[in-house]
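A short worksheet on the structure shown next.
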Amino acid sequence: MSWVLNSERATEQFGGHLVDGLEGSGIVFLKGDLGAGKTTLCRGVLRSLGYNGAVKSPTFTLVEPYELPQHSVYHFDLYRLSDPDELNYLGVDEYFTSRALCLIEWSEKGIGLLPKPDLEIEMRVIGDTSRQVSVQSGSDKGERALARLPT
């Protein structure tokens with residue numbers, strides 16, 4: 001399925017719809033060029049869960065944990081990963097629990113070590129402010145989440 005989001009606010013709202021569909025947990029791969037809006041979408045997810053602090057891409061730390069009262073959210077940015085085996089040093093397996101929501105930017109850099117995603121999102125810049133967002137499911141949970149997204 002595909003959507004066109006015409007503003008940063010619309011991208012954040014779409015992130016809120018995503019987390020509603022996933023019911024607060026799951027694995028989401030985020031793909032797209034630099035500046036495509038992946039971190040903005042993640043900020044929308046976190047805002048919808050009640051987080052009001054700064055949300056930035058964890059480019060240098062690789063993962064930013066957000067421990068919220070009802071959820072654990074882990075925002076990964078694998079852009080600087082030179083080899084998927086580097087994920088082993090992070091203890092990456094410990095993040096993927098049934099209670100956690102894992103948002104993974106540049107997931108293609110972790111091929112072979114990341115679990116299968118519930119949702120895979122491709123973001124593309126259109127013009128100055130719009131984004132085309134395509135979403136595919138990778139699991140039964142992802143299929144249910146996809147069905148709950150606005151049309």
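A donor-acceptor contact closer than 3.5 angstrom is absent between the side chains of Thr129 and Glu8. At a cut-off of 3.5 Å, with distance as the only test, no side-chain donor of Glu122 or Ser134 sits close to an acceptor on the other residue. Side-chain N/O atoms of Glu12 and Thr40 include no donor and acceptor closer than 3.5 Å. In this structure, a donor-acceptor pair under 3.5 Å is absent between the side chains of Glu143 and Ser139. Glu67 and Tyr51 are not linked by any side-chain donor-acceptor pair at a separation below 3.5 angstrom, with hydrogens and angles left out of the test.
In terms of modelled atom types and a separation under 3.5 Å, the side chain of Lys38 and the main chain of Trp106 share no donor-acceptor contact. The backbone N or O of Ala100 lies less than 3.5 Å from no partner atom in the side chain of Ser25, so there is not a single donor-acceptor pair.
Within a 6.0 Å radius of CD in Gln136, no more than 12 heavy atoms belonging to other residues, nucleotides or ligands are found.
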ring-ring contact (aromatic ring centres under 6.0 Å, His included), that's the test. Do Tyr74 and Phe96 meet it? Break it down for me.
CA-CA 9 Å; Tyr74 301 105; Phe96 302 111; 8.4 Å; no

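A salt bridge does not link Lys141 with Glu23: every distance from a Lys NZ or Arg NE/NH1/NH2 to an Asp or Glu carboxylate oxygen is 4.0 Å or more. Contact check on Lys31 versus Glu120 returns a salt bridge, with a Lys/Arg side-chain nitrogen under 4.0 Å from an Asp/Glu carboxylate oxygen.
Distance CG/Leu41 to CG/Leu18: 5.5 Å, rounded to 0.5 Å.
Under the 4.5 Å side-chain criterion, counting only non-hydrogen atoms from C-beta, Ile27 is in contact with Phe29.
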